[in-house]
Amino acid sequence: MSQITVSLPDGSERELAEGASAADLAASIGPRLAADAVVAVVDGAERDLAAPLADGSSVEIVTASSDRGLHTLRHSTAHVLAQAVLDLFPGATFAIGPPIEHGFYYDFELPGGGTFSDADLERIEDRMREIIDADQPFRRVEMAAEDALELFEAHPYKRAIIEAVALGVGADGDLASEASEGGTVSCYRNDAGGDADGFVDLCLGPHVPSTGRLGHFALQRVSGAYWRGSERNPMLQRIYGTAWATRKELAGHLHRLAEAERRDHRRLAAELDLVSWPAELGPGLAVWHPKGALIRKLMEDYSRQRHADGGYEFVFSPHIAKSVLWETSGHLDFYAESMYPPMEMDGTDYYPKPMNCPFHVMIYRSSQRSYRDLPMRLFELGAVYRYELSGAVHGLLRSRGFTQDDSHIFCAREHLASELASLLEFVLSVLEAFGFNDFQARLSTRPAGKYVGEEALWNEATEGLRAALESAGLDYETDEGGGAFYGPKIDVDVRDAIGRSWQLSTIQLDFNLPERFGLEYVASDGSRPRPVMIHRALFGSVERFFGVLLEHYAGAFPAWLAPVQAEVLPVAAAHAGYAAEVADTLRSRGFRTEVSPADEPLGKRVRNAKVAKVPYVLVVGDDDTANGTVGVNARGAKGPERDVPLEAFADRLAQEVEARS
RNA sequence: GCCCGAAUAGCUCAGUCGGUAGAGCGACGCUCUCGUAAAGCGUAGGUCAGGGGUUCAAGUCCCCUUUCGGGCUCCA
């Protein structure tokens with residue numbers, strides 16, 4: 001019998017019988033690998049383990065412990081979901097079911113526009129477990145598109161996919177361009193055993209060898225989703241699930257979800273009396289209560305101080321402007337859908353501003369500028385209004401009115417590189433002060449299609465951004481062609497305390513507005529070049545940043561931001577005088593301090609302060625009154641400290657506030 | 001905007017088959033004066049989101065509106 005030779009990722013080679021599969025290869029390496037393998041990568045392409053190997057190929061066996069393997073596992077679980085739904089709901093049809101981050105989904109359409117209920121999810125999950133217990137093999141079948149169209153006769157969405165993918169019919173350019181050669185498609189069939197028909201799905205694959213490899217999954221929720229994401233198309237019923245390689249990983253994920261819910265800024269905002277969303281205001285519009293407003297003010301004060309130190313000049317601009325401004329800026333051309341409708345006054349339309357930039361351009365243009373004036377860094381905490389879809393608003397994270405910490409920097413082309421480098425450094429250093437130190441950046445470059453500005457300027461700016469990223473030592477990925485038509489940009493994401501990523505800051509070049517508004521400056525040689533404009537938002541939205549911080553800290557703001565830094569609890573009414581003295585001393589040193597009088601039991605008052613997440617609870621009784629000390633119960637500490645001299649505590653708090661820790 | 005779901009006291013929620021509204025916490029009052037995460041007793045608090053309809057009777061069933069929640073292509 002002839003042999004084939006395949007190579008492994010470590011460079012070693014193995015001989016196998018002709019016709020051997022990746023599964024055979026895994027078995028030849030070890031029983032453990034054979035059991036854990038879910039898919040193979042053959043010459044760089046993912047393949048089913050059962051696919052025969054060609055002589056000379058390089059093969060990697062992938063287990064569910066890798067991202068690639070997990071991807072396949074989730075994909076196969078989605079497939080089982082579809083099988084269960086088609087079993088349980090006669091007349092149901094199915095569309096697509098890809099793996100996604102943490103899990104998978106599958107889109108269905110039920111006869112008569114039916115919907116899934118939570119009880120249905122349980123039934124479906126039970127059926128999925130039966131299918132998994134049956135350990136049905138996934139078998140790949142390739143067939144002509146015409147045959148597939150017949151096979152999926154009752155499933156119009158599958159037919160649409162076949163037509164788009166294999167025949168290039170009725171699809172947009174992207175799909176048609178990737179049509180597979182020869183008009184064939186692949187399907188996966190898993191046999192139910194006995195005389196049952198089994199289940200077949202149109203699928204590129206690959207899949208795990210059999211359903212028995214699956215099992216650590218949970219169905220999560222059902223929602224509506226448009227076919228191909230377009231609101232012009234029918235609304236399908238989407239079922240979301242999560243799937244993992246091990247029971248422990250599944251449990252960990254469910255725990256993280258519970259943790260995220262515990263940190264939900266809308267819940268914490270209510271519990272800590274920070275912000276509310278009265279129904280009378282409308283979607284996406286919040287009011288700030290005294291404690292929330294205090295924290296916000298501290299954030300804004302710090303931001304202003306840093307900007308002052310960083311060479312920015314503060315400006316203000318109105319909330320509305322005549323339509324002519326937005327016509328000149330181009331917003332009415334390309335951004336009108338996100339703008340509030342105009343109000344008509346004295347025969348002219350006025351629009352609430354969705355951005356501050358045109359106003360800052362007006363300030364630049366208010367007098368002739370010289371190269372000596374550049375870079376001109378204008379900063380405003382400017383409230384903007386955007387008409388977000390009512391279904392998209394979400395607490396402080398997506399609202400219809402918010403405050404941008406918006407800078408516009410006008411600089412000469414030759415100073416671009418150094419300005420970008422210092423800008424990025426500035427952004428990162430402010431974010432670090434708020435407790436973020438895990439950053440991820442994205443560089444978006446010139447789009448392939450329509451763009452403004454000369455290519456040389458694009459290249460210069462893009463390289464300037466790249467150099468800034470390199471010198472900051474930041475991890476970044478490049479989104480080739482992902483930039484806006486008016487300039488390249490850097491987006492900075494931060495990772496929060498529970499590993500979630502938030503896009504916050506952006507540094508965006510703009511070659512468009514200076515052109516539209518005819519900006520120029522007088523250079524040293526008397527020529528009049530255009531300045532380059534840089535948009536820079538750091539928090540992005542003050543409100544959203546506050547929401548992210550609230551979730552990051554789970555409501556336990558560090559001392560420098562805590563609305564109450566120390567709460568003084570007299571043990572009994574007799575200590576009220578000393579408690580007041582302690583509070584006065586702390587206030588005179590600039591600390592935010594409250595006294596909780598002894599008309600409730602001490603334990604209850606300690607609890608109240610803990611629930612309010614006050615950094616320091618100070619208990620004062622007889623000993624303290626006699627000795628000028630306090631009992632210090634720090635947030636997060638194991639137990640209270642006794643007999644701490646008041647001055648020593650005040651110094652410690654001062655240090656902590658100073659360090660913003 | 002669109003799909004599904006939800007809305008009962010300040011908060012969290014119960015309310016059966018359609019039969020006239022409940023609890024805990026919080027608030028307020030009185031008592032207790034206490035050394036580290038919930039003292040005792042009492043009182044107030046509701047147009048059951050708003051509007052319309054069905055019914056002898058609606059928190060409960062139907063319709064509309066408002067707000068909230070989840071979701072709305074990382075091509076099979």
Side-chain angles (χ1 to χ4, degrees), chain A residues 71 75 78-79 82 94-101 105-107 113-118 148 152 155 157-166 171-172 174-180 185-188 201-205 220-240 264 266-267 270-271 273 276-285 337 387-395 569-576 597-611 617-624 631-633 637 639-643:
Chain A
H71 203 255
H75 188 184
H79 192 100
F94 55 157
I96 63 168
I100 53 175
E101 189 179 12
Y105 67 80
Y106 216 113
D107 287 344
T115 59
F116 295 111
S117 67
D118 288 348
F152 290 103
H155 298 289
Y157 299 107
K158 293 296 180 192
R159 290 173 55 96
I161 294 162
I162 295 165
E163 286 171 356
V165 171
D172 56 43
D174 286 352
L175 282 171
S177 69
E178 295 193 31
S180 58
V185 297
S186 58
C187 292
Y188 278 78
D201 191 4
L202 178 71
C203 187
L204 196 56
Q220 294 175 293
R221 59 180 160 269
V222 54
S223 69
Y226 296 105
W227 166 239
R228 287 186 168 142
S230 166
E231 61 192 6
R232 293 185 305 275
N233 289 335
M235 173 71 68
L236 306 176
Q237 289 283 305
R238 174 170 299 177
I239 295 177
Y240 281 91
D264 188 313
R266 293 160 302 180
R267 165 201 292 259
E271 281 174 8
D273 194 18
S276 65
W277 291 267
E280 287 81 352
L281 305 194
L285 300 169
E337 274 189 7
Y387 187 72
E388 299 288 350
L389 293 181
S390 63
V393 299
H394 180 86
L569 314 188
V571 170
H575 311 114
D599 47 17
E600 280 177 310
L602 182 64
K604 177 62 176 298
R605 286 176 288 145
V606 170
R607 179 174 193 276
N608 288 345
K610 292 291 182 186
V611 167
V617 177
L618 304 180
V619 174
V620 295
D622 285 337
D623 300 345
D624 301 295
V632 176
N633 188 336
E641 305 158 53
R642 290 288 296 272
D643 307 317

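Quick note: numbers below take in every heavy atom, side chains included, and nothing from hydrogens, waters or symmetry partners. Since the model is a prediction, treat every value here as computed from it, not as a measurement. Sequence lines set the chain letters: A, B, ... in the order given, protein chains first and strands last, and positions in each chain run from 1.
Protein atom CG of A:D107 is 10 Å distant from nucleotide atom P of B:C72, rounded to whole Å. Per the geometry, CZ belonging to A:R238 stands 11 Å off P belonging to B:G71, to the nearest Å. Rounded to an integer number of Å, the gap from A:L285 CG to B:U66 C1' is 14 Å. Computed from coordinates, the A:Y105 OH to B:C4 C1' distance equals 17 Å when rounded to whole Å. Atom-to-atom, CG of A:D273 to C1' of B:A27 comes out at 13 Å; the value is rounded to the nearest Å. Straight-line distance from the OH atom of A:Y226 to the P atom of B:C72: 12 Å, rounded to whole Å. If you take CD of A:E271 and P of B:U12, they are 9 Å apart, rounded to a whole angstrom. Rounded to a whole Å, the CZ atom of A:F94 is 21 Å from the P atom of B:U73.
With P as the reference atom, B:C41 and B:A49 are 32 Å apart, rounded to whole Å. For the P atoms, the distance from B:G52 to B:A44 is 31 Å, rounded to whole Å. When the C1' atom is used for both B:U31 and B:G45, the distance is 23 Å, rounded to whole Å. To the nearest whole angstrom, the two P atoms, one in B:A7 and one in B:A14, are 9 Å apart. Rounded to a whole angstrom, the distance from the C1' atom of B:U73 to that of B:G5 is 23 Å. Between B:A27 and B:C63, the distance separating the two C1' atoms is 38 Å to the nearest Å. As rounded to the nearest Å, B:G24 and B:C61 have C1' atoms that lie 31 Å from one another. Annotation: B:C25 and B:U54 have their C1' atoms spaced 39 Å apart (nearest Å).
Note: A:Y106 and A:F94 have parallel aromatic rings, judged against thresholds of 30 and 60 degrees for the angle between ring planes.
Across all strands shown, B:A27 forms a Watson-Crick or G-U wobble pair with B:U43, both key distances being under 3.5 Å. Partner assigned to B:A37 is none, using Watson-Crick or G-U wobble distances below 3.5 angstrom. With both pairing distances under 3.5 Å, B:C32 is matched to nothing as a Watson-Crick or G-U wobble pair. With both pairing distances under 3.5 Å, B:C68 is matched to B:G5 as a Watson-Crick or G-U wobble pair. Using N1 to N3 plus N6-O4 or O6-N4 for Watson-Crick, or N1-O2 and O6-N3 for G-U wobble, each under 3.5 Å, B:G59 pairs with nothing.
Put simply, the side chain of A:R159 never gets that close to the backbone of A:F152: no donor and acceptor are under 3.5 Å apart. Within the 3.5 Å criterion, the main-chain N or O of A:A95 finds no donor-acceptor partner in the side chain of A:H155. No donor-acceptor pair under 3.5 Å is formed between the side chain of A:R266 and the backbone N or O of A:H394.
Proximity of A:Y240 to the phosphate of B:C72: a side-chain N or O atom is located under 4.0 Å from OP1 or OP2. Listed pair A:R266 / B:G70 meets the phosphate criterion, a side-chain N or O lying under 4.0 Å from OP1 or OP2.
Here the OH-CZ distance, from A:Y226 to A:R238, works out to 12.0 Å after rounding to the nearest 0.5 Å. With rounding to the nearest 0.5 angstrom, the CZ atom of A:R605 is 7.5 Å from the CG atom of A:D599.
In this structure, A:I96 reaches the sugar-phosphate backbone alone: every heavy-atom distance under 4.0 Å involves primed, P, OP1 or OP2 atoms, never a base. A:P278 comes within 4.0 angstrom of nothing in the nucleic acid, heavy atoms only. Here A:A392 lies in heavy-atom contact (under 4.0 Å) with a base.
If A:V393 and A:K158 are placed on RNA chain B by their nearest nucleotide, the residue sitting closer to the 5' end is A:V393.
Minimum interatomic distance between A:E600 and A:N608 (heavy atoms only, all atoms of both residues): OE1-ND2, 3.8 Å.
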Exercise. Apply side-chain contact (heavy atoms from CB on, under 4.5 Å) to the pair A:V611 and A:E271, showing each step before the final yes or no.
Key: CA-CA 9 Å; A:V611 167; A:E271 281 174 8; over 6 Å; no
Give each protein N/O atom lying under 3.5 Å from an N/O atom of nucleotides 31-41 of chain B, with the pair distance.
residue, atom, partner, partner atom, Å
B:U33, O2, A:A573, N, 2.9
B:U33, O2, A:A598, O, 3.2
B:U33, N3, A:A598, O, 3.1
B:C34, O2', A:V571, O, 3.3
B:C34, N4, A:A598, O, 2.8
B:C34, N4, A:E600, O, 3.4
B:G35, O6, A:G621, N, 3.4
B:G35, O6, A:D622, N, 2.7
B:G35, O6, A:D623, N, 3.0
B:G35, N1, A:D624, OD2, 2.6
B:G35, N1, A:R642, NH2, 3.3
B:G35, N2, A:D624, OD2, 3.1
B:G35, N2, A:R642, NE, 2.7
B:U36, O2, A:N633, ND2, 2.6
B:A37, O4', A:R607, N, 3.4
B:A38, N7, A:R607, NE, 3.3
B:A38, N6, A:R607, NH2, 2.8
B:A38, N1, A:R607, NH1, 3.4

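Closest approach to the A:E101 side chain among B:G70, B:C74, B:C3 is made by B:C74 (side chain taken as heavy atoms from C-beta onward).
Applying the side chain to side chain contact (heavy atoms under 4.5 Å, CB included) test to A:V632 and every residue at least two apart in sequence or in another chain returns A:Y616, A:L618, A:V630, A:E641, A:V644, A:F649, A:R652.
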